[in-house]
Amino acid sequence: MKLIIATIKPFKLEEVREAVSGIGVSGMMVTEVKGFGAQSGHTETYRGAEYTVNFVPKIKLEIAVKDEMADQVVEAISNAARTGKIGDGKVFVLDLEKALRVRTGETNEEAL
């Protein structure tokens with residue numbers, strides 16, 4: 001099993017959800033986060049005063065999948081989230097040691 005963690009631009013969430021649902025992903029966790037990378041924040045003006053925003057709003061997705069689906073999910077996220085501009089995000093793929101569905105007690109791939 002793999003755990004896919006992706007950060008994307010907030011306005012791309014629905015496109016990414018549709019893309020991964022379309023290839024058979026049955027669930028994901030979504031969290032609003034802030035961070036910085038190459039984009040390293042930006043400057044905004046509010047009521048005539050200029051200030052620096054060091055952390056940029058992002059959406060963090062966490063998706064657990066069977067090993068054989070991981071590459072397909074990464075490709076779907078990448079294609080749906082890409083704008084071609086700085087700050088499009090990152091995707092990480094980690095080995096997932098164990099999963100448990102609390103309601104039924106199913107484990108590992110059956111729990112996904």
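These values consider heavy atoms only, across backbone and side chains, with no hydrogens, waters or symmetry-generated copies. Model, not experiment: these values are computed from the prediction. Position 1 is the first residue of the sequence; numbering continues from there.
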Could you pull out the closest heavy-atom pair between Ala64 and Leu3, with the gap in Å?
->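 That closest heavy-atom pairing would be N-CD1, 4.2 Å.
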Non-hydrogen atoms of Ala19 and Ala80 that approach each other most closely | CB-CB, 3.8 Å
Is a side-chain N or O of Lys58 found less than 3.5 angstrom from the main chain of Gly87, in a donor-acceptor match?
->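 Flag set: sc Lys58 to bb Gly87 pair under 3.5 Å.
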Examine distances only and state if a side-chain atom of Asp88 and a backbone atom of Thr83 form a donor-acceptor pair shorter than 3.5 Å.
->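 Indeed, once roles are kept as given, a pair shorter than 3.5 Å links the two residues.
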With sequence neighbours excluded, give me every side-chain hydrogen bond (donor to acceptor under 3.5 Å, both in side chains) pair touching residues 99-112.
->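 Qualifying pairs: Arg101-Glu106, Thr104-Glu106.
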Please write out which residues are connected to Met69 in a hydrophobic cluster, directly or through intermediates, given that two of Ile, Leu, Val, Met, Phe, Trp, Tyr count as joined at side-chain heavy-atom separations below 4.5 angstrom.
->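 So far as hydrophobic clustering goes, Met69 is joined with Ile4, Ile8, Leu13, Val16, Val20, Ile23, Val25, Met28, Val30, Ile59, Leu61, Ile63, Val65, Val73, Val74, Ile77, Val91, Val93.
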Test side chain to side chain contact (heavy atoms under 4.5 Å, CB included) applied to Met1 and Lys66, step by step = CA-CA 5 Å; Met1 296 176 302; Lys66 295 178 181 180; 5.7 Å; no
Enclosure of [X] [atom1] (heavy-atom neighbours >12, cutoff 6.0 Å):
X     : atom1 : result
Glu14 : CD    : yes
Glu68 : CD    : yes
Asp71 : CG    : no
Glu62 : CD    : yes

For Glu15, what residues pass the salt bridge (Lys or Arg N to Asp or Glu O under 4.0 Å) criterion, not counting sequence neighbours?
-> Lys12
